[in-house]
Amino acid sequence: MKKIMKVLDVIYYNLYIFAHNSPRPREMTATGTLLLCFVFIVLGLYYSTCKLFDVKLNLFMSYLPLLVVLTIFILLIYRYIRRDKYKYIILKKPIIRSERFSKIITIAFVVFSVMMFLVLLLIIEIS
């Protein structure tokens, strides 16, 4: 679990650095971007799995990804904003192996989330 949190901290730090021209506070922009990536991943995986196994979605199953995303949102806000963890992360500057490798991990995470969003759009278009 600590390794997953370290990877999330590295991704958060790089998103924080990438958001240097944001009109909003950088910590909120980085948290929002991280949340948006998780939204794309959760929705893409959920609906592609439902489409793959031909699952009929009832009312509860339609709101299940919303509950997962809401839970992730609460956890991200609590971890980075409410506990002021972002200040510690910015001062610590977490990396995995090297700075370049850390940026590659962040870019791969964002690209994967965008790909999952495109899968979601493709599934909606097919249906």
Side-chain angles (χ1 to χ4, degrees):
M1 190 67 172
K2 285 188 176 189
K3 290 184 180 186
I4 293 172
M5 289 302 149
K6 178 158 174 89
V7 170
L8 278 179
D9 289 346
V10 167
I11 292 171
Y12 182 85
Y13 173 72
N14 285 316
L15 290 174
Y16 185 88
I17 297 301
F18 290 151
H20 67 281
N21 287 332
S22 174
R24 295 197 169 118
R26 290 167 74 176
E27 62 273 4
M28 289 303 291
T29 303
T31 307
T33 306
L34 191 59
L35 176 68
L36 186 65
C37 290
F38 277 120
V39 167
F40 289 164
I41 291 170
V42 166
L43 290 178
L45 287 176
Y46 181 76
Y47 286 112
S48 62
T49 304
C50 289
K51 187 70 172 178
L52 182 67
F53 293 115
D54 199 27
V55 175
K56 303 293 183 206
L57 298 176
N58 58 15
L59 187 61
F60 173 72
M61 289 185 66
S62 297
Y63 287 113
L64 189 62
L66 179 65
L67 294 174
V68 171
V69 167
L70 188 61
T71 304
I72 291 172
F73 173 71
I74 291 169
L75 292 174
L76 286 176
I77 291 294
Y78 178 73
R79 177 167 173 81
Y80 293 114
I81 305 300
R82 294 281 295 172
R83 290 182 28 197
D84 290 335
K85 177 86 175 185
Y86 73 92
K87 292 177 185 175
Y88 174 74
I89 290 172
I90 301 309
L91 292 176
K92 185 180 174 192
K93 299 180 182 177
I95 60 170
I96 298 175
R97 295 190 188 163
S98 69
E99 190 174 331
R100 177 180 284 176
F101 188 69
S102 297
K103 288 183 180 180
I104 289 172
I105 287 174
T106 303
I107 291 170
F109 179 76
V110 171
V111 167
F112 177 72
S113 66
V114 169
M115 287 174 47
M116 292 310 298
F117 179 69
L118 294 175
V119 165
L120 178 66
L121 289 178
L122 183 65
I123 289 171
I124 291 172
E125 184 68 30
I126 291 174
S127 296

| Check: Ser113 side chain, Phe40 main-chain N or O, donor-acceptor pair, under 3.5 Å | no

Between the OG1 atom in Thr29 and the CG atom in Leu15, the distance rounded to the nearest 0.5 Å is 10.0 Å

Side chain to side chain contact (heavy atoms under 4.5 Å, CB included) with Pro65: of Val39, Leu70, Leu45, Val42, only one passes, and it is Val42

Heavy atoms of Ile89 and Pro94 approach each other most closely as O-CD, 3.3 Å

Compute the centroid of each ring, for Tyr12 and then for Tyr80, and state whether the two points are separated by less than 6.0 Å. yes

Open item on the list: Please tell me whether Leu75 and Ile81 are part of a single hydrophobic cluster in this structure, the criterion being side-chain heavy atoms less than 4.5 Å apart.
Closed with: no

In the single-linkage hydrophobic clustering (I, L, V, M, F, W, Y; side-chain heavy atoms under 4.5 Å), do Met28 and Tyr88 co-cluster? no

Worksheet item: So if you build clusters from Ile, Leu, Val, Met, Phe, Trp, Tyr with side-chain heavy-atom gaps below 4.5 Å, do Val7 and Tyr16 land together?
Response: yes

### Evaluation steps, side chain to side chain contact (heavy atoms under 4.5 Å, CB included), between Met116 and Leu43
CA-CA 8 Å; Met116 292 310 298; Leu43 290 178; over 6 Å; no

query: Should the heavy atoms of other residues, nucleotides or ligands under 6.0 Å from NZ of Lys6 be counted, would the total exceed 12?
result: yes

Here the gap from Cys37 atom SG to Phe117 atom CZ, rounded to the nearest 0.5 Å, amounts to 12.0 Å

One should read off an interatomic distance between Leu36 CG and Ile41 CD1, to the nearest 0.5 angstrom, of 10.0 Å

inquiry  = Could you see if Leu91 belongs to whatever hydrophobic cluster contains Ile11? Use Ile, Leu, Val, Met, Phe, Trp, Tyr and a side-chain cutoff under 4.5 Å.
reply    = no

Between the OG1 atom in Thr71 and the CG atom in Leu66, the distance rounded to the nearest 0.5 Å is 9.0 Å

Stepwise side chain to side chain contact (heavy atoms under 4.5 Å, CB included) check, Phe73 with Ile77
CA-CA 6 Å; Phe73 173 71; Ile77 291 294; 3.7 Å; yes

Report the C-alpha separation of Arg26 and Ile90 in whole Å, then their side-chain angles, then the decisive distance to 0.1 Å, and conclude whether the side chain to side chain contact (heavy atoms under 4.5 Å, CB included) test is met.
-> CA-CA 11 Å; Arg26 290 167 74 176; Ile90 301 309; over 6 Å; no

Check your understanding: Is the centre of the Phe38 ring less than 6.0 Å from the centre of the Phe109 ring?
Key -> yes

(request) Answer yes or no: does atom CE of Met115 have more than 12 heavy-atom neighbours from other residues, nucleotides or ligands under 6.0 Å? (result) no

| Looking at Arg79 and Asp9, does any basic side-chain N land under 4.0 Å from a carboxylate oxygen? | yes

One should read off an interatomic distance between Leu120 CG and Tyr47 OH, to the nearest 0.5 angstrom, of 7.5 Å

So CD1 of Ile95 and CG of Asn14: to nearest 0.5 Å the spacing works out to 10.0 Å

- Would you say Tyr13 and Met5 are hydrophobically clustered, going by side-chain heavy atoms of ILVMFWY under 4.5 Å? yes

Cation-pi between Arg82 and Tyr78: NZ/CZ under 6.0 Å from ring centre and within 45° of the ring axis? no

Could you give me the CA-CA distance, side-chain angles and deciding distance for Ile96 and Ile105, then say whether side chain to side chain contact (heavy atoms under 4.5 Å, CB included) is met? CA-CA 9 Å; Ile96 298 175; Ile105 287 174; 3.8 Å; yes

* Asked: Crowded around Phe18 CZ? As in, over 12 foreign heavy atoms under 6.0 Å?
  -> yes

